[in-house]
Amino acid sequence: MKNSQDNFIEGIGNTPLIKLNAASKITGCNIYGKAEYLNPGGSVKDRAALALIKDAEEKKLISKGGIVVEGTAGNTGIGLCLIGNLKGYKTVIVMNENQTQEKKDALKNIGADLRLVPPKPYKDDGNYVKIAGRLAEELKKTNNHGVVWANQFDNTANSKGHYETTGPEIWDQTSGKIDGFICSSGTGGTISGVSRFLKEKNKNIKIYLSDPAGSALYNYIQNGKLKSEGGSITEGIGSSRITANFAEAKIDSAYSIDDQESLPVLYSLIENEGLSLGTSCGVNIAGAIRMGKELGPGKTIVTILCDKSDKYNSKLFNKEFLKEKGLPYPNWL
Ligand code: PMP
């Protein structure tokens with residue numbers, strides 16, 4: 001059998017690099033996006049989901065009939081649920097109720113047990129991540145096949161997954177001729193794993209964080225203080241704290257990117273390059289453009305195309321919503 005797989009999990013990773021033409025032209029650099037939206041669950045988080053489940057299996061914490069519990073902005077939940085379905089694990093997902101309906105539907109439609117909670121800061125006991133941790137403890141009492149809290153924020157199996165796959169793929173795909181890598185951080189798994197791998201290969205490769213407005217990480221990288229300003233309609237990225245995964249990242253510098261800057265990048269990619277990408281990609285690519293301008297022409301820069309726009313239709317293509325917020329909207333709406 002040619003080009004066949006035993007199961008869909010084998011299709012996670014090994015995504016292509018796609019040249020971002022406008023970003024490259026504006027900067028005189030070669031800017032590439034790693035097409036993580038091509039993963040079977042539709043996002044970069046399939047890699048984390050697989051790494052977290054493998055970690056639990058290696059530690060013999062779960063067997064068929066067991067439950068994976070996780071607090072997620074959605075994408076990790078989708079990955080965990082799909083992998084869980086194949087392996088015979090149930091998936092319980094705790095998510096903030098302010099995430100898009102599209103992500104809630106996606107999770108419900110694949111059979112996740114979705115628990116929506118009001119958004120609360122991390123320091124509050126009602127924060128979705130903390131609820132997920134407590135729920136896993138609770139469920140352990142009634143399930144003897146193993147109940148695992150995946151804990152993507154502070155379980156460094158997440159960044160290890162990127163260190164072992166995403167980082168080496170980027171190094172190979174660029175034949176080591178890479179000058180810069182930039183992406184945003186949610187759990188920090190991607191930027192931590194990729195930065196550690198690339199810096200080990202060549203410490204001169206610049207690693208930048210592209211942080212959405214409203215996140216405290218930009219100020220943390222630039223002046224050591226966790227302080228946030230403004231806000232953003234992006235989902236799945238930004239943080240008010242240093243997670244265990246982010247703590248291991250090797251980051252040289254950071255940009256703060258607001259929606260006014262990132263949304264036109266997304267709309268231009270749809271209109272001119274046929275790429276319809278999710279909100280975090282706007283932050284990543286706007287950051288890559290700034291990085292290209294800073295490093296100068298001729299450089300090769302890679303960023304992450306985390307997911308597609310389809311999970312954010314009710315925000316990205318909702319003219320009333322965007323107008324109300326004073327944000328740009330596509331001229332074809
Ligand atoms: N983009 C999207 C759309 C995401 O869902 C996430 C993860 N929540 C990220 C980016 C950030 O990836 P990481 O958790 O590896 O930092």
Side-chain angles (χ1 to χ4, degrees), residues 12-13 15 33-39 41-52 70-80 93-96 99-100 102-104 106-107 128-129 132 150-167 170 181-197 207-212 215 217 221 232-249 251 254 257 262 266 276-288 303-312 315-316:
I12 296 175
T15 53
K34 192 153 171 60
E36 291 299 299
Y37 58 82
L38 291 173
N39 282 307
S43 87
V44 65
K45 301 299 305 205
D46 281 5
R47 295 187 192 253
L50 183 59
L52 291 162
E70 186 59 321
T72 158
N75 278 328
T76 304
I78 293 170
L80 288 172
I93 297 300
V94 184
M95 191 163 89
N96 281 333
Q99 302 298 291
T100 59
E102 292 88 326
K103 286 200 287 199
K104 296 173 196 166
L107 283 160
Y128 74 110
V129 175
N151 194 11
Q152 57 170 335
F153 292 92
D154 294 304
N155 179 349
T156 52
N158 172 358
S159 82
K160 185 167 166 265
H162 289 284
Y163 177 86
E164 288 173 353
T165 67
T166 325
I170 292 171
F181 174 81
I182 181 164
C183 73
S184 48
S185 173
T187 64
T190 310
I191 196 159
S192 169
V194 172
S195 67
R196 286 186 291 116
F197 185 86
I207 309 287
Y208 281 25
L209 171 76
S210 199
D211 204 33
S215 169
L217 300 176
I221 296 295
S232 166
I233 66 163
T234 55
E235 293 186 20
I237 53 172
S239 182
S240 61
R241 70 179 180 107
I242 305 305
T243 62
N245 282 293
F246 188 83
E248 294 181 338
I251 299 174
I257 308 280
S262 69
L266 288 182
S276 196
L277 301 171
T279 53
S280 67
C281 301
V283 173
N284 286 356
I285 300 164
T303 189
I304 302 285
L305 309 182
C306 311
D307 63 2
K308 292 206 282 185
S309 62
D310 50 0
K311 276 182 245 121
Y312 314 95
K315 285 184 169 178
L316 280 178

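On a predicted model such as this, the values are computed, not experimentally measured, just so you know. Order of appearance sets the numbers: ligands from 1, and atoms from 1 within every ligand.
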Checklist line | Thr190-ligand 1 polar pair, N/O distance under 3.5 Å | finding: yes
- Query: Mind checking whether Gly278 has a heavy atom under 4.0 Å from ligand 1?
  - Reply: no
Which of Thr190, Thr165, Thr76 passes side-chain hydrogen bond (donor to acceptor under 3.5 Å, both in side chains) with Arg47? Answer is Thr165
For Gln152 and Thr187: C-alpha separation, side-chain torsions, deciding distance, then whether side-chain hydrogen bond (donor to acceptor under 3.5 Å, both in side chains) applies.
CA-CA 7 Å; Gln152 57 170 335; Thr187 64; 4.8 Å; no
- Query: Looking only at distance, does Asn75 have an N or O less than 3.5 Å from an N or O of ligand 1?
  - Reply: yes
From the list Thr166, Thr303, Ile251, Ile304, side chain to side chain contact (heavy atoms under 4.5 Å, CB included) partner of Phe181 resolves to Ile304
Quick look: Thr187 vs ligand 1, heavy-atom contacts under 4.0 Å, and the answer is both
Practice problem: Using only heavy-atom distances, determine whether the side chains of Glu36 and Asn39 contain a donor-acceptor pair under 3.5 Å. | Solution: yes
query = Below 4.0 Å from any atom of ligand 1, is there a heavy atom belonging to Gly188?
reply = yes
| said: Side chains of Gln99 and Thr72, heavy atoms from C-beta outward: is any pair under 4.5 Å? | reply: no
(Q) Check Lys311 with Glu235, please: is the shortest side-chain N to carboxylate O separation under 4.0 Å? (A) no
pair Tyr37-Asp310: side-chain heavy atoms closer than 4.5 Å:
no
Within the 4.0 Å heavy-atom cut-off, what Lys45 brings close to ligand 1 is side chain
Closest to atom 8 (N) of ligand 1 by heavy-atom distance, out of Gly74, Gly186, Ser159, Gly236, is Gly236
### Query
Is the shortest distance from a heavy atom of Ile237 to ligand 1 less than 4.0 Å?
yes
Under 4.0 Å between heavy atoms, the region of Tyr312 that gets near ligand 1 turns out to be side chain
One finds that the ligand 1 atoms under 4.0 Å from a non-hydrogen atom of Ser185 are 16 (O)
Do any N/O atoms on Ala73 end up under 3.5 angstrom from N/O atoms on ligand 1? no
Between Asn284 and Ser184, do the side chains contain an N or O donor and an N or O acceptor separated by less than 3.5 Å?
yes
Residue, atom and distance of the protein heavy atom nearest atom 2 (C) of ligand 1 read Ser280 OG, 3.5 Å
A student checking ligand 1 against Asp307 at a 4.0 Å heavy-atom cut-off should list atoms 3 (C)
